[in-house]
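Heads up, the thing below is written out as structure tokens.
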2 protein chains.
Amino acid sequence: MSASTTPTLEQQWLDQLAQAGYRPTAARRVVIEIVLNTCRALEPLEIFTLARRQHPKLGLVTVYRTLETLEALGLVQRVHQPGGCNIYLRAFEGHQHLLICTACGRAVFFEGDDLSALMERAARQSGFVVHDHWLQLFGTCAECRAAQSAPLPA
Amino acid sequence: MSASTTPTLEQQWLDQLAQAGYRPTAARRVVIEIVLNTCRALEPLEIFTLARRQHPKLGLVTVYRTLETLEALGLVQRVHQPGGCNIYLRAFEGHQHLLICTACGRAVFFEGDDLSALMERAARQSGFVVHDHWLQLFGTCAECRAAQSAPLPA
DNA sequence: GATGATAATGAAAATCTTTTTCAATTATAG
DNA sequence: CTATAATTGAAAAAGATTTTCATTATCATC
Ligand SMILES: [Mn+2]
Ligand SMILES: [Mn+2]
Ligand SMILES: [Zn+2]
Ligand SMILES: [Zn+2]
């Protein structure tokens, strides 16, 4: 086997931080680890609570600052949901959109949407030049459907 | 001419309020009038500032409460934008989406999107049952494009 | 058009979230 | 190691929204 193993995503993010002149600190590591190991968008306070288990003297301010930095680097994104708009998730890679479970919050990425016809029609009818689009799907994930129909525990 | 004229939208909203047991007060009239006569989504504070010109003793709390009520009745909706998520606009009528000018905020409604193929594909790939979707387009309106390319005032 | 019951209002206080300040700590280059 | 600069966390400040509560406006009934 080759001696070079693929660096973990966490390491890749830390490398990107370093490359941009940021130092790889304990606080940043913990926040990054949590974001990368959670399949749903998290509020700063949730991240803080989880992170403190590994890093008890962490301050909430640092969570805010780290999210701001990661967002500026394009590694995380803010997600908008009916229940709140300051929740953070791993950023899209390329042109993707989210499908979010309204029961548990699980977020999955999908791609391959082609909205060009739609956007052209909207542009023609409105006189706008359309630059961008937000698309988000909501549904129920397989796990939540299974839990819903499962027999209640005795 | 017929004696019965079509009631204004403002009157229709006030009627809906009355029907739901709410009183048509001066404060509510002013907020409604502003929402109906503005072509972009507004923050509570903006509505408050505009409304005070007509109703100087209005309180900001009342704007919040009125928006809450109008939202509960399905007359206004919260709009999400990169710049803020607590801005309010007339609600959709039927299945519509928004196209928003990123320069001036102007919002126009459009309909006729067919995302069923897209949603089915996302559902199949993810194992989710898809219930709902958010779609929003961003662009530049004709007025803002004209203003941009117009010669500067002497 | 009074009157009493009830809804609605606005000022102030309370809450919650996010940002700023600043002294102490930590990472890095030399 | 040491000097330098970045980072951190606590506390304070700022902002946004909600709650509380005494006062005022609306409405149904007379
Ligand atoms: Mn897309
Ligand atoms: Mn649609
Ligand atoms: Zn789920
Ligand atoms: Zn515009």
Side-chain angles (χ1 to χ4, degrees), chain A residues 11 13-34 41-73 75-88, chain B residues 11 13-34 41-73 75-88:
Chain A
Q11 193 51 57
W13 284 27
L14 289 167
D15 289 348
Q16 281 205 51
L17 277 175
Q19 210 156 7
Y22 295 100
R23 294 175 178 176
T25 64
R28 286 173 177 154
R29 275 171 211 280
V30 180
V31 171
I32 288 174
E33 196 200 312
I34 286 169
L42 297 170
E43 302 183 347
L45 189 61
E46 285 183 282
I47 295 174
F48 172 68
T49 306
L50 291 169
R52 280 200 117 165
R53 300 215 276 240
Q54 295 174 243
H55 192 282
K57 63 177 180 175
L58 177 69
L60 177 56
V61 216
T62 301
V63 175
Y64 276 97
R65 286 190 282 226
T66 301
L67 289 171
E68 190 181 19
T69 303
L70 294 175
E71 189 177 25
L73 291 177
L75 296 171
V76 306
Q77 63 181 319
R78 255 182 72 195
V79 174
H80 301 260
Q81 280 187 266
C85 300
N86 279 45
I87 54 179
Y88 291 83
Chain B
Q11 193 51 57
W13 283 26
L14 288 167
D15 290 347
Q16 281 207 52
L17 278 174
Q19 210 156 7
Y22 295 100
R23 295 176 177 174
T25 64
R28 285 173 178 153
R29 275 172 211 280
V30 180
V31 171
I32 288 175
E33 195 201 311
I34 286 169
L42 297 170
E43 303 183 346
L45 189 60
E46 285 184 283
I47 295 174
F48 172 68
T49 306
L50 291 170
R52 279 199 117 166
R53 300 214 276 241
Q54 293 174 245
H55 191 283
K57 62 179 181 173
L58 177 70
L60 178 56
V61 216
T62 301
V63 175
Y64 275 98
R65 286 190 283 226
T66 301
L67 290 170
E68 190 181 18
T69 303
L70 294 175
E71 188 177 25
L73 291 177
L75 296 172
V76 305
Q77 63 182 318
R78 254 180 73 195
V79 174
H80 300 260
Q81 280 186 264
C85 299
N86 280 46
I87 54 179
Y88 291 83

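Each chain gets a letter, A, B and so on, in the order its sequence line appears, and its residues count up from 1.
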(message) If you take any heavy atom closer than 4.0 Å to DNA chain C, which residues from residues 75-85 of chain B end up in contact?
(response) none
(request) Find the distance between CG (B:Leu73) and CH2 (B:Trp13) and round it off to the nearest 0.5 Å. (result) 10.0 Å
(message) So for the helix from C:dG1-D:dC30 to C:dG30-D:dC1, with five pairs setting each end axis, what is the inter-axis angle to 10°?
(response) 40°
(request) Report the distance from atom CZ of A:Phe48 to atom CD1 of A:Ile34, rounding to the nearest 0.5 Å. (result) 11.0 Å
(message) Could you measure the distance from the CD1 atom of A:Ile87 to the CG atom of A:Leu45? Nearest 0.5 Å is fine.
(response) 13.5 Å
(message) What I'd like to find out is whether the side chain of A:Leu75 reaches to under 4.5 Å of the side chain of A:Ile32, using heavy atoms alone.
(response) no
(message) So if I take residues 52-60 of chain A and measure heavy-atom distances to DNA chain D, which residues fall below 4.0 Å?
(response) A:His55, A:Lys57, A:Leu58, A:Gly59
(request) Mind running a 4.0 Å heavy-atom check of residues 25-32 of chain B against DNA chain C and sending the residues that fall below it, in number order? (result) B:Thr25, B:Ala27, B:Arg28
Listing, residues 20-30 of chain B side-chain donor-acceptor contacts under 3.5 Å, not counting sequence neighbours, or none:
unit_1  : atom_1 : unit_2  : atom_2 : d
B:Thr25 : OG1    : B:Arg28 : N      : 3.3
B:Arg28 : NH1    : B:Arg23 : O      : 2.7

(request) Please determine, for the side chain of B:Val61, which listed nucleotide (D:dT18, D:dC27, D:dG9) has the closest atom? (result) D:dT18
(request) In whole angstrom, give the distance that lies between atom CZ of B:Arg65 and atom P of D:dC21. (result) 14 Å
(request) At the 4.0 Å heavy-atom cut-off to chain B, mark where contacts on DNA chain C begin and end, going 5' to 3'. (result) C:dT6 to C:dA11
(message) Once side-chain hydrogen bond (donor to acceptor under 3.5 Å, both in side chains) is applied, do any residues pair with A:Gln77, and if so which ones, sequence neighbours excluded?
(response) none
(request) List for me each residue that meets side-chain contact (heavy atoms from CB on, under 4.5 Å) alongside B:Gln11, sequence neighbours excluded, and say none if there are none. (result) B:Pro7, B:Thr8, B:Leu14, B:Asp15
(request) State, to 0.1 Å, how close A:Pro82 and B:Arg78 come at their nearest heavy-atom pair, and which atoms those are. (result) O-NH1, 4.4 Å
(message) With rounding to the nearest 0.5 angstrom, report the CG to OG1 distance, B:Leu67 to B:Thr62.
(response) 10.5 Å
Hey, what are the protein-to-nucleotides 13-16 of chain D N/O distances that come in under 3.5 Å?
none

(request) Scan for salt bridge (charged side-chain N to carboxylate O under 4.0 Å, His left out) pairs involving residues 43-67 of chain A, sequence neighbours excluded, and state none if there are none. (result) A:Arg40-A:Glu46
(message) The criterion is side-chain hydrogen bond (donor to acceptor under 3.5 Å, both in side chains); which residues satisfy it with A:Gln81, sequence neighbours excluded?
(response) none
(request) Tell me, please, which residues at least two apart from B:Glu68 pass side-chain contact (heavy atoms from CB on, under 4.5 Å). (result) none
